[in-house]
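What you see is a predicted model; the values in this text were computed from it and never measured.
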Amino acid sequence: MSNIHRLAGTVDVDGLHYDWELRREPHWSEFEGWKGMAVALLQQDGQRGAVLEFPPPKRLLKGLPPSRLQISDTLVSRGIRAALLAGWEPMSRGKPMVFVVDADGN
């Protein structure tokens, strides 16, 4: 089962467990226009978090009403892999790193 419509959870990527939670839903900003959702990540026993910033859904850009968020373990797993490839080191110290990903989490 895909576990859609959750706002937090844990995924296993390459044998390591990562906790995730929705930090921001898509919304309108007076200064920046539509902003997409943001998902916070933290490897269990890790020190440095990451934030995945997604683009706004196309339906919002077209003026359609918002729909229910679709956050699946697959989407989060792809985002974790993309952040790791981009240089996220979960065991290092420091502020959370922010990564902009596409709608598929890549």
Side-chain angles (χ1 to χ4, degrees):
M1 189 170 182
S2 177
N3 294 329
I4 304 262
H5 306 303
R6 293 180 304 144
L7 301 180
T10 301
V11 294
D12 184 354
V13 176
D14 301 328
L16 298 171
H17 298 286
Y18 295 85
D19 295 323
W20 66 271
E21 70 176 355
L22 178 69
R23 282 289 170 94
R24 180 184 71 219
E25 291 189 18
H27 70 280
W28 174 258
S29 167
E30 282 292 321
F31 302 105
E32 300 174 277
W34 281 106
K35 293 190 58 111
M37 72 175 171
V39 175
L41 307 171
L42 183 63
Q43 180 181 330
Q44 289 182 351
D45 299 324
Q47 296 184 34
R48 188 174 206 173
V51 176
L52 302 177
E53 291 192 346
F54 290 84
K58 290 182 181 178
R59 68 180 293 112
L60 296 177
L61 298 175
K62 293 178 183 177
L64 298 172
S67 62
R68 194 161 187 185
L69 288 176
Q70 302 288 318
I71 304 173
S72 66
D73 288 346
T74 304
L75 180 70
V76 174
S77 296
R78 279 193 219 123
I80 291 169
R81 285 191 174 94
L84 291 169
L85 285 173
W88 178 38
E89 296 177 3
M91 298 309 285
S92 67
R93 293 177 24 181
K95 293 181 181 180
M97 297 179 72
V98 178
F99 299 96
V100 177
V101 295
D102 65 14
D104 295 325
N106 295 314

side-chain hydrogen bond (donor to acceptor under 3.5 Å, both in side chains): which pairs involve residues 78-92, sequence neighbours left out?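 Checked against side-chain hydrogen bond (donor to acceptor under 3.5 Å, both in side chains) - neighbours excluded - the pairs reaching residues 78-92 are D14-R81.
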
Which residue pairs pass the side-chain hydrogen bond (donor to acceptor under 3.5 Å, both in side chains) test when at least one of the two sits in residues 93-102, sequence neighbours left out? none

Restricting to pairs with a member in residues 41-50, which pass salt bridge (Lys or Arg N to Asp or Glu O under 4.0 Å), not counting sequence neighbours?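 Every candidate salt bridge (Lys or Arg N to Asp or Glu O under 4.0 Å) pair involving residues 41-50 fails, so no pair, neighbours aside, qualifies.
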
In terms of hydrophobic clusters joined by side-chain contacts under 4.5 Å, are M97 and L16 together?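 Yes; L16 is reachable from M97 via cluster members.
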
Measuring from [X]:[atom1] to [Y]:[atom2], what's the distance to the nearest 0.5 Å?
{"X": "H27", "Y": "E32", "atom1": "NE2", "atom2": "CD", "answer": "7.5 Å"}
{"X": "L84", "Y": "Y18", "atom1": "CG", "atom2": "OH", "answer": "4.5 Å"}
{"X": "L52", "Y": "I80", "atom1": "CG", "atom2": "CD1", "answer": "7.5 Å"}

Excluding V98, membership of its hydrophobic cluster (Ile, Leu, Val, Met, Phe, Trp, Tyr; side-chain heavy atoms within less than 4.5 Å) reads V51

For W20, run the side-chain contact (heavy atoms from CB on, under 4.5 Å) check against L7, I71, L42 and tell me which one passes.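 It is I71, the one option of L7, I71, L42 that forms the side-chain contact (heavy atoms from CB on, under 4.5 Å) with W20.
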
So, using side-chain contact (heavy atoms from CB on, under 4.5 Å) as the criterion, who are the partners of Q44 when residues are at least two apart? T10, H17, D19

Of all residues at least two apart in sequence or in a different chain, which pass the side-chain contact (heavy atoms from CB on, under 4.5 Å) check with A86?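 Scan of A86 (side-chain contact (heavy atoms from CB on, under 4.5 Å), adjacent residues dropped) gives F99.
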
Measure across [X] and [Y] and return the closest heavy-atom pair with its distance rounded to 0.1 Å.
{"X": "G46", "Y": "M91", "answer": "CA-SD, 3.6 Å"}
{"X": "P96", "Y": "A50", "answer": "CB-N, 4.3 Å"}
{"X": "G105", "Y": "L75", "answer": "N-CD1, 3.7 Å"}
{"X": "K35", "Y": "S29", "answer": "CD-CB, 4.2 Å"}
{"X": "A40", "Y": "R23", "answer": "CB-CG, 3.5 Å"}

How far apart are the C-alpha atoms of V76 and V13, what are their side-chain angles, what is the distance that settles it, and do they pass the side-chain contact (heavy atoms from CB on, under 4.5 Å) test? CA-CA 10 Å; V76 174; V13 176; over 6 Å; no

